[in-house]
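Bear in mind the structure is a predicted one, so any value in this text is a computation, not a measurement. Read the numbers this way: they start at 1 and go in the same order the structure lists the ligands and their atoms. The first residue of the sequence shown is numbered 1, and numbering continues consecutively from there.
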Amino acid sequence: MTPRTTDWWRHAAIYQVYPRSFADGNGDGIGDLAGVRSRLDYLRRLGIEAVWFSPWYLSPMADAGYDVTDFRQIDPRFGTLAEAEKLIDEAHQYGIRVIVDIVPNHVSDEHAWFTAARNAAPGSPERDLFWFRDGRGEQGELPPNEWQSIFGGPAWTRVPDGQWYLHLFAPEQPDLNWRNPLVRDEYEDVLRFWFDRGVDGIRVDSAAMCSKDPALPDYDHTVFPDPHPYVDLDENHDIYRGWRAVADSYPDQRALIGEVWLADPARFARYLRADELHTAFNFDFLGCGWDAPALRVCIDRTLAAHTEVEAPSTWVLSNHDVTRHVTRYGRPDTSTAAGIRQYNPVVDEDLGRRRARAAALLTMALPGAVYIYQGEELGLPEVEDIPADRRDDPIYHRTQGRDPGRDGCRVPLPWDESTESYGFSPAGAERPWLPQPTSWARLNAAAQESDPTSVLRLYRSALALRATESALRDSPMNWLDAPEEVLAFTRGDDFTCMINLSGAAMPLPRDGAVLVSSQPLSDGLLPPDTGVWLRTVRAVPGAVPGRRVLMPAADRAPAPGNVGEGARRAAVPANSPVGGAG
Ligand code: GLC
Ligand code: CA
């Protein structure tokens, strides 16, 4: 068993498994728990410390499992509860903590509560668990208000007796009424159900959306209203105080991790106060373009907001809801301002992957926890040419394809060359639930395993270093003076991270011994779109943090080799000026 005595959630490297697409054990073309169990050693060798599983519960899969029929049962496509329990134990034996995904905003329309509510009369206690309302118009033929579903179309669906129910997502995902105490009790019980089975953390889906203004007022959709009728209501905090009390009732560390999409960092940080969630995903960072000044601002803003509430920052580049960052970084506009998902034929995949490699070293060197979305360690791009009739995401279908949806980041992983599905399923299996591009043959994990220059090997090296560098765990970061297009900072006395986002090679500090770099280095230069971790000499006592200067390349010795397994600690010249006060 993993000792659970430290605040692991403050600095862990956490890997997101999307169970449907990770590995298929039984050959039906859908990933499952047997598949995950067979790959735990891969995760251990990758060097991650925790796994977050996207929902694995009983579900009709109208939204790929985010429509839950029963939080206490595993969907038979994935396996059984007994298998989930085994998986949790096995993961712990490998030193890997387990995080499960809980969806409080809504349940499936097949959940027992909703079936009962649909069959009950208007005004009944069963209907009070959801948001049932009469419609507008003479016959109640118009929805109760103009709210739109996040997945496209109206946020209301009518039931046969004429009432309407609210669903901020798909119609198969009716929103719960969190003012009803039964809802609170039930979810706290679900948390206990999984904590009792040993899970170390809960990822809280759509965490800022649970509470609604009961007046259900219309609002102007062209501006973000303040207050918003269903985003970030103060009542949410009360819900998570209750959840925190549940988590804290366990003697060891159980963490709550929120999916909180809010533009205002101060509002975001309120979810991370000492008696609420432990951490939340950093979508501000995820949405930031490949642009050094913008990233610097984003990192500072993140750290400032978190410091205020003494919560650890998180660093996220991709997940199951957004275009994979290899593709995003290969686009002419790298920020998600251009649309979190977009149709854009112009993608330079090699450039995107090169930047993604550098970005990995950036995120893993920043203070806090880091999230890795399955396949990112293989440098997988978004799959943008999935035929319409193979697409599954309700976002694609409900917008009539105007939004490409999220299937492209959910394509089953390529493991090796053993089967037609690149090892995702065993031989003779059904075809994978989403088609894999043939270009993925060369990106499979086994091939990358034997290639020291692969993305996989870079991730492993960096994660191994991250786990042993105590500065990366506890020490604050200090920016170094550097050209605008270079992000350079120290952690602790002798660790420096430098990322070059400019179009030109930049000089490396002359005392730096390379621990790991995202591309080969030569002549003491850091090429464009490249990141490096360096062992630098200790700062001179009294040095002013943030004022250390990167030295020009002249008269510096060439840096030693680059991407290697583990650190290559070359001798550091004793008299190097880097690290002195600038
Ligand atoms: C979250 C999930 C997303 C899901 C939605 C509705 O944003 O990450 O995948 O569709 O909530 O549950
Ligand atoms: Ca399967």
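Closest to atom 7 (O) of ligand 1, if we only count protein heavy atoms, is Glu259 OE2, 2.8 Å. The shortest contact between atom 2 (C) of ligand 1 and any protein heavy atom is with Asp205 OD1, 3.0 Å. Counting protein heavy atoms only, atom 4 (C) of ligand 1 is closest to Asp63 OD2, 3.3 Å.
Close approach of ligand 1 to His320 (heavy-atom distance below 4.0 Å) involves ligand atoms 2 (C), 3 (C), 8 (O), 9 (O). The ligand atoms of ligand 1 that sit less than 4.0 angstrom from a heavy atom of Arg406 are 3 (C), 4 (C), 9 (O), 10 (O). Those atoms of ligand 1 with a heavy atom of His106 less than 4.0 angstrom away are 6 (C), 12 (O). Close contacts of ligand 1 with Arg410, meaning ligand atoms under 4.0 Å from a residue heavy atom, involve 9 (O). Residue Ser206 approaches ligand 1 through these ligand atoms, each under 4.0 Å from one of its heavy atoms: 1 (C), 7 (O), 11 (O).
Rounding to 10 degrees, one finds that the Ca ion (ligand 2) sits at the corner of an angle of 80° between Asp24 OD1 and Asn26 OD1.
For the pair Glu83 (side chain) and Thr80 (backbone), a donor-acceptor distance under 3.5 Å is present. Between the side chain of Tyr57 and the main chain of Asp101, a donor-acceptor pair closer than 3.5 Å is present. Distance alone, capped at 3.5 Å, is enough to place a donor-acceptor pair between the Thr314 side chain and the Asn282 backbone. With hydrogens and angles disregarded, no donor-acceptor distance shorter than 3.5 Å links the side chain of Glu49 to the backbone of Ala12.
Aromatic pair Phe283/Phe268: ring centres not closer than 6.0 Å.
Salt bridge annotation for Asp32-Arg37: absent, with no cationic side-chain nitrogen under 4.0 angstrom from a carboxylate oxygen.
For Asp28, the N, O or S atom with the smallest separation from the Ca ion (ligand 2) is OD1. The Ca ion (ligand 2) lies closest to atom OD2 when only the N/O/S atoms of Asp32 are considered.
With a 4.0 Å heavy-atom cut-off, ligand 1 is reached by the side chain of Phe151 but not by its N, CA, C or O.
Taking both residues in full, the closest heavy atoms of Asn26 and Asp24 are given as OD1-OD1, 3.0 Å, listed atom of the first, atom of the second, then distance. Shown here for Gly375 and Tyr15, the closest heavy-atom pair between the two residues is N-OH, 3.8 Å.
Between Asp321 and ligand 1, at least one pair of N/O atoms sits closer than 3.5 Å.
Look at Ile30 and the Ca ion (ligand 2): an N/O/S atom of the residue is under 3.0 Å from the metal.
Under the 30°/60° scheme for interplanar angles, the aromatic rings of Tyr329 and Trp290 are found to be tilted.
Of the options Tyr66, Phe78, Trp194, a ring-ring contact (aromatic ring centres under 6.0 Å, His included) to Trp56 is made by Trp194 and by none of the others.
Heavy-atom distances between Met209 and ligand 1 stay at or above 4.0 Å for every pair.
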